[in-house]
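A quick write-up on the structure given underneath.
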Amino acid sequence: MNDTAQPHSDQRPRRSRGTLLARTPVPEDAAVHDDVALRLAAWWESNARDLPWRFGRTTPWGVLVSEVMSQQTQMSRVVPYWTDWMARWPDARALADAPKADVITAWGRLGYPRRALRLQECAQVVARDYADELPRTYDQLTGLPGIGDYTASAVMSFAFGERIAVIDTNIRRVLSRVFLGAESLGGAASPAERALAAHVLPEAVRDSVTWNQSVMELGAVMCTAKSPMCEVCPIAHDCRFLKLGRPGLGERRTRPRQRFQGTDRQVRGLVLAALRGLPAGATLARSDAEALWKDKAQLAACIASLDDDGLIEMTEDGALRLPQG
DNA sequence: GTCCCGGTGG
DNA sequence: CCACCGGGAC
């Protein structure tokens with residue numbers, strides 16, 4: 001059984017999915033999928049970005065770290081952080097034993113610093129429960145802190161070479177355009193999108209890995225949201241979206257987006273940046289913290305939330321510092 | 001300056 | 001649903 005392609009295998013079998021799969025068993029579909037897969041594989045062969053965690057040059061743990069760092073951050077910004085991080089903490093055990101303050105500081109400006117703490121918690125679980133060796137099943141991986149569907153699937157495919165459908169926004173956009181001829185809209189991946197990804201995943205294990213990597217890469221560098229480079233795309237010939245005249249190109253996602261100016265995000269970032277800039281172990285006096293933001297109530301709430309998240313500690317006199325644990 | 005982008009967990 | 005961070009595009 002290759003149920004690895006369907007992480008949600010505890011659900012009902014996806015037979016009568018309705019609109020999407022009901023019209024897919026056209027004889028030429030398989031031929032189109034094969035053609036797309038071949039062209040993408042050839043394109044990947046000569047165009048894949050030379051990222052340091054690719055091509056078997058790191059451990060499964062290294063792949064996981066790269067995926068967590070890339071969750072909401074562009075690859076180009078991740079590379080220098082990943083390189084320093086892995087040199088400093090090459091495996092889960094090393095990260096598990098690191099001081100929290102070092103972990104937060106090393107996370108630097110990658111964004112969403114709670115990811116750094118979750119990654120360390122993940123390392124602690126791997127070190128303690130799995131003898132410092134990353135588990136090899138989807139369910140074990142999603143059980144780790146900070147590891148959800150995408151990251152678990154990516155690690156299964158890219159680190160362990162298993163056959164599993166990887167679904168991120170790049171892949172959703174590419175598959176939807178190529179095979180459905182429409183933009184992928186909305187927030188969470190729909191059952192239909194998951195069914196499509198499972199349906200077009202090549203049967204051969206090796207091919208499935210190349211497929212995941214090449215579709216994701218195409219979405220990242222060529223089949224972009226707003227300005228896809230269709231004139232040089234290796235699968236333009238097979239693309240329904242292009243055939244239809246790219247209907248609704250770049251259409252707005254319904255995802256609720258967040259402002260930044262004046263939000264808690266900005267205030268939390270200011271506080272954390274101030275603490276990162278201090279010498280190791282040093283504290284920020286409450287009066288200095290007060291100077292960071294005019295709205296005292298909002299500042300206090302943000303400091304409290306950072307404390308709740310375990311990203312900072314408060315001393316008795318109200319001074320702040322990075323966690324010493 | 002404004003707007004847009006994203007995976008996980010709660 | 002919605003909070004969470006930065007930076008890139010414009």
Side-chain angles (χ1 to χ4, degrees), chain A residues 7-8 63-82 103-122 125 138-139 141-158 165-174 183-190 193-194 197 212 216-217 219-221 223-229 249-276 292-293 298 301-312:
Chain A
H8 306 279
V63 172
L64 181 142
V65 172
S66 79
E67 292 299 342
V68 171
M69 288 183 170
S70 305
Q71 276 168 6
Q72 291 89 3
T73 307
Q74 304 94 314
M75 293 284 191
S76 57
R77 244 182 334 135
V78 165
V79 170
Y81 284 96
W82 182 88
V103 173
I104 295 167
T105 302
W107 195 258
R109 307 182 70 77
L110 278 173
Y112 295 126
R114 287 186 300 185
R115 285 187 294 159
L117 292 187
R118 292 211 191 100
L119 182 56
Q120 187 181 35
E121 290 165 26
C122 174
V125 174
Y138 173 89
D139 287 339
L141 288 168
T142 50
L144 296 169
I147 309 302
D149 169 71
Y150 163 73
T151 306
S153 305
V155 168
M156 289 296 289
S157 181
F158 304 149
V166 176
I167 300 185
D168 76 340
T169 55
N170 284 326
I171 288 182
R172 286 168 63 191
R173 183 174 59 250
V174 172
E183 289 287 32
S184 166
L185 303 169
S190 66
E193 284 179 308
R194 293 188 178 279
N212 286 327
M216 197 179 313
E217 187 82 344
V221 306
C223 192
T224 58
K226 287 181 182 172
S227 323
M229 302 150 71
L249 173 66
E251 198 167 286
R252 270 180 166 245
R253 300 186 172 267
T254 57
R255 184 191 187 86
R257 60 141 189 8
Q258 255 194 308
R259 298 254 152 266
F260 180 64
Q261 290 293 329
T263 61
D264 289 359
R265 278 172 40 209
Q266 182 181 23
V267 181
R268 285 167 56 105
L270 281 173
V271 173
L272 221 45
L275 293 181
R276 268 195 231 105
L292 291 171
W293 195 249
Q298 186 181 22
C302 288
I303 288 171
S305 77
L306 286 166
D307 189 35
D308 284 347
D309 288 343
L311 284 162
I312 66 171

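All values reported here derive from a predicted model rather than from experimental measurement.
Residues meeting the side-chain hydrogen bond (donor to acceptor under 3.5 Å, both in side chains) test with A:S70, sequence neighbours left out: none. For A:Q298, the side-chain contact (heavy atoms from CB on, under 4.5 Å) criterion is met by A:D264, A:V267, A:W293, A:D295, A:C302, not counting sequence neighbours. When the side-chain hydrogen bond (donor to acceptor under 3.5 Å, both in side chains) test is applied to A:S66, no partner is found at least two apart in sequence or on another chain. Residues forming a ring-ring contact (aromatic ring centres under 6.0 Å, His included) with A:W82 (at least two apart in sequence, or on another chain): A:W53.
Atom pair A:L64:CG and B:dT8:P shows a separation of 10 Å (rounding to whole Å applied). When rounded to the nearest whole Å, the span between CG of A:L110 and P of C:dG6 equals 10 Å. One atom, CZ of A:R173, and another, C1' of B:dC4, lie 12 Å apart when rounded to the nearest Å. Between the CG atom of A:L117 and the P atom of C:dC4 there is a distance of 15 Å, rounded to whole Å. Atom CD1 in A:I171 sits roughly 14 Å away from atom C1' in B:dG6 (whole-Å rounding). Taking atom CD of A:Q266 as the reference point, atom P of C:dC5 lies 12 Å away to the nearest angstrom. To the nearest angstrom, P of B:dG6 lies 9 Å from CZ of A:R172. Between A:I167 atom CD1 and B:dG6 atom P the separation is 15 Å, expressed in whole Å.
Nucleotides of DNA chain B nearest to A:R118 and A:N170 differ in position, and the one nearer the 5' end is that of A:N170. Nearest-nucleotide mapping onto DNA chain C: of A:G111 and A:K226, the residue sitting toward the 5' end is A:G111.
In this structure, A:T151 does not reach the B:dG7 phosphate: none of its side-chain N or O atoms is under 4.0 Å from OP1 or OP2.
The side chain of A:A225 lies closest to B:dC5, out of C:dA3, B:dC5, B:dG7. Closest to the side chain of A:R114, out of B:dT8, C:dC5, B:dG6, is C:dC5.
Contact of A:Q71 with B:dG6 (side chain to base): no donor-acceptor pair of N or O atoms is detected under 3.5 Å.
Sorted by first and then second residue, the salt bridge (charged side-chain N to carboxylate O under 4.0 Å, His left out) pairs involving residues 106-121 of chain A (not counting sequence neighbours) are A:R114-A:D309.
Residues A:V68 and A:V65 form no side-chain contact, since every pair of their non-hydrogen atoms from C-beta on lies 4.5 Å or further apart.
When each of A:M69, A:Q71, A:E67 is checked for a side chain to side chain contact (heavy atoms under 4.5 Å, CB included) with A:V78, only A:M69 meets the rule.
Taking a cutoff of 4.0 Å between a charged side-chain nitrogen and a carboxylate oxygen, A:R173 and A:D168 do not qualify as a salt bridge.
Within the nucleic acid shown, A:L272 has no heavy atom closer than 4.0 Å to any nucleic acid atom. Using a 4.0 Å heavy-atom cutoff across all strands shown, A:R268 reaches sugar-phosphate atoms only and no base atom. A:D309 comes within 4.0 angstrom of nothing in the nucleic acid, heavy atoms only.
Between A:Y112 and C:dC4, no base-stacking contact is recorded for ring centres under 5.5 Å apart and planes less than 30° from parallel.
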Under 3.5 Å, which protein N or O atoms sit close to an N or O of nucleotides 7-9 of chain C? Give each pair with its distance.
unit_1 : atom_1 : unit_2 : atom_2 : d
C:dG7  : OP1    : A:R109 : NE     : 3.2
C:dG7  : OP2    : A:R109 : NH2    : 3.4

